[in-house]
Amino acid sequence: MLDKKLLEVLTSPPDAAVAIVTQGKDGPHVVNSWNSYAQITEDDKILFPAGRMNETEQNIQADNRVISNREVQGKSIKGTGFLVIGTAEFAAEGADYDTIKAKFPWARAALAIKVESAEQTL
(Lines give C-alpha, C1' and ligand atoms only; values in the text may rest on other atoms or scores of the structure.)
Protein backbone atom coordinates (compact mmCIF):
# COMPACT_ATOMS: atom_id res chain seq x y z
CA MET A 1 0.00 0.00 0.00
CA LEU A 2 1.21 3.49 -0.85
CA ASP A 3 2.27 5.83 1.96
CA LYS A 4 -0.67 7.92 3.28
CA LYS A 5 1.29 11.17 2.98
CA LEU A 6 2.20 10.38 -0.64
CA LEU A 7 -1.48 9.76 -1.41
CA GLU A 8 -2.28 13.11 0.22
CA VAL A 9 0.34 14.79 -1.95
CA LEU A 10 -1.14 13.29 -5.09
CA THR A 11 -4.78 14.01 -4.25
CA SER A 12 -4.72 17.39 -2.47
CA PRO A 13 -5.37 20.73 -4.14
CA PRO A 14 -4.05 23.04 -5.28
CA ASP A 15 -3.01 21.42 -8.53
CA ALA A 16 0.77 21.28 -8.77
CA ALA A 17 3.42 19.91 -11.05
CA VAL A 18 4.82 16.41 -10.77
CA ALA A 19 8.29 15.90 -12.26
CA ILE A 20 8.97 12.51 -13.89
CA VAL A 21 12.63 11.78 -14.64
CA THR A 22 13.87 9.09 -17.03
CA GLN A 23 17.38 8.22 -18.17
CA GLY A 24 17.99 8.82 -21.87
CA LYS A 25 20.98 8.25 -24.09
CA ASP A 26 21.93 11.92 -23.62
CA GLY A 27 21.36 11.91 -19.85
CA PRO A 28 18.36 12.59 -17.61
CA HIS A 29 15.10 13.71 -19.21
CA VAL A 30 12.34 15.48 -17.27
CA VAL A 31 8.66 15.64 -18.18
CA ASN A 32 5.91 17.18 -16.07
CA SER A 33 2.32 16.29 -15.32
CA TRP A 34 -0.20 17.50 -12.71
CA ASN A 35 -1.03 15.85 -9.40
CA SER A 36 -4.74 16.09 -10.31
CA TYR A 37 -4.02 13.85 -13.31
CA ALA A 38 -2.69 11.03 -11.09
CA GLN A 39 -4.93 7.98 -10.86
CA ILE A 40 -4.07 5.39 -8.18
CA THR A 41 -4.82 1.73 -8.93
CA GLU A 42 -5.66 -1.01 -6.42
CA ASP A 43 -2.26 -2.60 -7.07
CA ASP A 44 -0.40 0.63 -6.12
CA LYS A 45 0.39 1.94 -9.56
CA ILE A 46 0.24 5.65 -10.27
CA LEU A 47 -1.22 6.35 -13.70
CA PHE A 48 -0.72 9.55 -15.70
CA PRO A 49 -2.19 10.39 -19.09
CA ALA A 50 0.42 10.60 -21.84
CA GLY A 51 -0.33 13.21 -24.45
CA ARG A 52 3.10 13.50 -26.00
CA MET A 53 5.84 12.17 -23.68
CA ASN A 54 7.49 10.61 -26.75
CA GLU A 55 11.06 10.89 -25.46
CA THR A 56 9.94 9.61 -22.05
CA GLU A 57 8.40 6.56 -23.74
CA GLN A 58 11.59 5.90 -25.73
CA ASN A 59 13.67 6.17 -22.54
CA ILE A 60 11.37 3.77 -20.67
CA GLN A 61 11.71 1.20 -23.43
CA ALA A 62 15.47 1.20 -22.77
CA ASP A 63 15.40 1.67 -18.96
CA ASN A 64 12.06 1.57 -17.14
CA ARG A 65 13.22 3.16 -13.88
CA VAL A 66 11.62 6.51 -13.06
CA ILE A 67 11.91 9.10 -10.32
CA SER A 68 9.21 11.61 -9.38
CA ASN A 69 8.72 14.24 -6.68
CA ARG A 70 6.15 16.81 -5.55
CA GLU A 71 5.40 19.23 -2.63
CA VAL A 72 2.72 19.41 0.19
CA GLN A 73 2.49 19.82 4.03
CA GLY A 74 5.78 18.61 5.49
CA LYS A 75 6.93 17.10 8.76
CA SER A 76 7.67 20.45 10.41
CA ILE A 77 6.97 23.13 7.79
CA LYS A 78 4.36 23.82 5.15
CA GLY A 79 5.64 22.07 2.07
CA THR A 80 7.12 18.63 1.59
CA GLY A 81 8.65 16.57 -1.12
CA PHE A 82 8.72 12.92 -2.03
CA LEU A 83 11.33 10.97 -3.88
CA VAL A 84 9.41 8.19 -5.61
CA ILE A 85 11.37 5.45 -7.35
CA GLY A 86 9.74 2.81 -9.45
CA THR A 87 9.41 1.18 -12.83
CA ALA A 88 7.18 2.39 -15.62
CA GLU A 89 5.50 1.33 -18.80
CA PHE A 90 3.26 2.92 -21.39
CA ALA A 91 -0.07 1.19 -22.00
CA ALA A 92 -2.13 1.91 -25.13
CA GLU A 93 -4.68 -0.79 -24.27
CA GLY A 94 -5.93 -2.68 -21.24
CA ALA A 95 -7.26 -1.67 -17.82
CA ASP A 96 -4.68 1.06 -17.07
CA TYR A 97 -5.30 2.67 -20.47
CA ASP A 98 -9.09 2.43 -20.03
CA THR A 99 -8.84 4.16 -16.63
CA ILE A 100 -6.89 7.06 -18.10
CA LYS A 101 -8.84 7.34 -21.36
CA ALA A 102 -12.16 7.56 -19.45
CA LYS A 103 -11.00 10.72 -17.66
CA PHE A 104 -8.62 12.14 -20.25
CA PRO A 105 -10.00 11.46 -23.76
CA TRP A 106 -7.01 13.24 -25.33
CA ALA A 107 -4.48 10.75 -23.88
CA ARG A 108 -2.73 8.52 -26.40
CA ALA A 109 -1.55 6.15 -23.64
CA ALA A 110 -1.31 5.67 -19.89
CA LEU A 111 2.04 6.07 -18.16
CA ALA A 112 1.84 3.44 -15.40
CA ILE A 113 4.39 3.77 -12.60
CA LYS A 114 4.80 0.86 -10.19
CA VAL A 115 6.15 2.42 -7.00
CA GLU A 116 9.13 0.58 -5.50
CA SER A 117 9.90 3.14 -2.81
CA ALA A 118 8.61 6.50 -1.66
CA GLU A 119 10.62 8.61 0.74
CA GLN A 120 9.35 11.85 2.25
CA THR A 121 12.25 14.28 1.96
CA LEU A 122 11.04 17.10 4.24
Side-chain angles (χ1 to χ4, degrees):
M1 177 169 231
L2 294 178
D3 180 275
K4 284 177 73 171
K5 184 58 82 170
L6 175 59
L7 290 174
E8 181 183 350
V9 165
L10 290 171
T11 59
S12 296
D15 207 12
V18 174
I20 301 165
V21 183
T22 57
Q23 180 62 39
K25 64 181 180 197
D26 297 324
H29 173 74
V30 180
V31 67
N32 293 316
S33 190
W34 299 105
N35 70 307
S36 64
Y37 284 10
Q39 303 292 299
I40 312 301
T41 66
E42 290 180 9
D43 59 346
D44 288 341
K45 284 189 277 188
I46 304 171
L47 306 178
F48 290 100
R52 296 184 345 204
M53 292 191 190
N54 297 312
E55 188 172 342
T56 301
E57 185 172 18
Q58 290 174 354
N59 292 346
I60 286 173
Q61 289 171 354
D63 182 348
N64 68 350
R65 294 174 294 169
V66 294
I67 300 173
S68 177
N69 67 17
R70 160 84 172 82
E71 294 183 26
V72 166
Q73 177 61 42
K75 295 177 182 179
S76 61
I77 60 170
K78 184 170 176 126
T80 189
F82 266 86
L83 174 62
V84 177
I85 298 175
T87 56
E89 65 181 8
F90 278 77
E93 59 183 27
D96 292 341
Y97 175 72
D98 293 343
T99 297
I100 288 298
K101 195 69 171 172
K103 189 167 181 181
F104 306 100
W106 51 264
R108 68 174 181 85
L111 170 58
I113 300 171
K114 181 66 177 168
V115 176
E116 294 174 354
S117 68
E119 176 185 353
Q120 187 174 359
T121 57
L122 292 173

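Heavy atoms only: backbone and side chains are in, while hydrogens, waters and symmetry mates are out.
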Exercise. Would you mind reporting whether Ile100 and Tyr37 have side-chain heavy atoms less than 4.5 Å apart?
Key: no
Self-check item: Nearest heavy-atom neighbours spanning Ala109 and Phe90
Solution: CB-CD2, 4.1 Å
Quiz prompt | Side chains of Ile20 and Val30 in contact at under 4.5 Å (non-hydrogen atoms) | solution = no
Exercise. Hey, could you give me the CG/CG distance between Leu111 and Leu47, rounded to the nearest 0.5 Å?
Key: 8.0 Å
Quiz prompt | OG1-CD distance between Thr22 and Gln58, expressed to the nearest 0.5 angstrom | solution = 10.0 Å
Practice problem: Considering non-hydrogen atoms only, spot the tightest contact between Asn32 and Ala19 and give its length. | Solution: OD1-CA, 3.5 Å
Self-check item: Main-chain N/O of Thr87 paired with Asn64 side-chain donor or acceptor, under 3.5 Å
Solution: no
Self-check item: Heavy-atom closest pair, residues Ala38 and Phe48
Solution: CB-CE2, 3.7 Å
Exercise. Return the minimal non-hydrogen interatomic distance between Leu2 and Ile40, and the atom names on each side.
Key: CD1-CG2, 3.9 Å
Quiz item: Roughly how far, to the nearest 0.5 Å, is the CG atom of Leu83 from the OG atom of Ser117?
Solution: 6.5 Å
Practice problem: Answer whether the closest heavy-atom distance between the side chains of Val84 and Leu6 falls below 4.5 Å. | Solution: yes
Practice problem: Could you walk me through whether Lys5 and Asp3 pass the salt bridge (charged side-chain N to carboxylate O under 4.0 Å, His left out) test, one step at a time? | Solution: CA-CA 6 Å; Lys5 184 58 82 170; Asp3 180 275; over 6 Å; no
Quiz prompt | Summary of salt bridge (Lys or Arg N to Asp or Glu O under 4.0 Å) pairs that have at least one residue in residues 27-51, sequence neighbours excluded | solution = Asp43-Lys45, Lys45-Asp96
Self-check item: Cluster overlap Trp106 with Tyr97, hydrophobic side-chain contacts below 4.5 Å
Solution: no
Quiz item: Any side-chain heavy-atom pair from His29 and Val21 closer than 4.5 angstrom?
Solution: no
Practice problem: Search all heavy atoms of Ala88 against all heavy atoms of Ile60 and return the closest pair with its distance. | Solution: O-CG2, 3.2 Å
Quiz item: Are any side-chain N or O atoms of Arg108 and backbone N or O atoms of Arg52, one a donor and one an acceptor, separated by less than 3.5 Å?
Solution: yes
Quiz item: Which distance, rounded to the nearest 0.5 Å, do you find between the CD of Gln39 and the NZ of Lys103?
Solution: 4.5 Å
